[in-house]
Colleague: 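Got a structure for you, questions after.
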Amino acid sequence: LTAHGVIISGFCKNGKLDKAIEAAENMVKSGLVPDQMILTAIMDVHFKSGNIKAGLDLYKEILARGFEPDAVTLSIIVDGLCKKGNLNEARDYLCREKANDFIYCPYIDAVCKEGNFSEIEKVLKEMSKVGFSLNKYFYTSWIAGLCQKGYLVEAFRVKRRMVEEGIELDLLTYSSIMFGLSSKGLMVEARQVFDDMLSSGIDPDFVVYDILFRGYRKQGNEAGILGVQDEMRNRGI
RNA sequence: GCCGGAAGGC
């Protein structure tokens, strides 16, 4: 069974849904029953390819087979619905016994991208009532949302709160902030955040440099552009 | 660290 699982999830990761389903059908033919992991993986592919209905149908099938939906299964559904903009529907899957803080992440992310920051405060209260604490991903999504909308002051406030709670910023947190700064043309500040990141021991990746690069290019800052290109070359990116 | 399933930056 595990061997089949490896094969099927491999197909799923490569987006070869048809082959994954084929493999699952072959399993059934040879008398094996796919377990929850296998079904969940296939469900995930449905959602990621935008086929919400197929995903939900498979979810029903999982229930019908007597599997208890666990946090992973639910979070895939929430993620799928959120990315399609069905936030209301997604909310139905949030407040369940099996929930963990992971489940909230895609929802928070979607709410942030909508710029619905009052909803965030609401969810925040709800989460703490149920006993979940905010994690890194929650904060990063929040910060990224604020930065994209240009609310940099708010973003820095959230960042400070994050640090106060002892949560470390990671590459994505930094790059979200840098994106916010550089899309407002605040390259000096963006560069400073970048240096902060380096001194906290985080290695930059292509995206981070690209953010700087675009910022400098928009300003026609030749020296900045060349500097970024040099650094990238030195790091082998 | 990974060794079958989920989330955040361009």
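Letters A, B, ... are given to chains in the order of the sequence lines, protein chains preceding strands, and every chain is numbered from 1. Below, all heavy atoms of this structure are taken into account, side chains as well, without hydrogens, waters or symmetry copies.
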Colleague: Apart from A:I7 itself, what residues make up its hydrophobic cluster, given side-chain heavy atom links below 4.5 Å?
Modeller: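 A:F11, which link up through side-chain heavy atoms under 4.5 Å apart, make up the rest of the cluster.
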Colleague: Considering only atom P, compute the distance from B:A7 to B:C3 and round it to an integer number of Å.
Modeller: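 After rounding to an integer number of Å, I get 14 Å for this pair.
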Colleague: Salt bridge (Lys or Arg N to Asp or Glu O under 4.0 Å) with A:K16: which residues, sequence neighbours excluded?
Modeller: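 Not a single residue meets the salt bridge (Lys or Arg N to Asp or Glu O under 4.0 Å) criterion with A:K16.
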Colleague: Could you run down nucleotides 5-10 of chain B 5' to 3' and tag each one B, S or - for protein heavy-atom contact under 4.0 Å?
Modeller: BBBBBB
Colleague: Would you be so kind as to tabulate the donor-acceptor pairs closer than 3.5 Å made by side chains of residues 33-45 of chain A, with sequence neighbours excluded?
Modeller:
| from | atom 1 | to | atom 2 | distance (Å) |
| --- | --- | --- | --- | --- |
| A:D35 | OD1 | A:M37 | N | 3.3 |
| A:D35 | OD1 | A:I38 | N | 3.1 |
| A:Q36 | NE2 | A:E68 | O | 2.9 |
| A:Q36 | NE2 | A:T73 | OG1 | 3.4 |
| A:T40 | OG1 | A:Q36 | O | 2.5 |
| A:T40 | OG1 | A:T73 | OG1 | 3.4 |
| A:D44 | OD1 | A:K48 | NZ | 2.7 |
| A:D44 | OD2 | A:K48 | NZ | 2.9 |

Colleague: Mind checking the P distance from B:A6 to B:C2? Whole angstroms is fine.
Modeller: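 Nearest-Å result for B:A6 against B:C2 at atom P: 13 Å.
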Colleague: Under the salt bridge (Lys or Arg N to Asp or Glu O under 4.0 Å) rule, collect the residues that match up with A:R214, sequence neighbours excluded.
Modeller: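 By the salt bridge (Lys or Arg N to Asp or Glu O under 4.0 Å) rule, A:R214 matches A:D210.
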Colleague: With sequence neighbours excluded, tell me which residues meet salt bridge (Lys or Arg N to Asp or Glu O under 4.0 Å) with A:D101.
Modeller: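 Checked A:D101 against salt bridge (Lys or Arg N to Asp or Glu O under 4.0 Å); zero matches.
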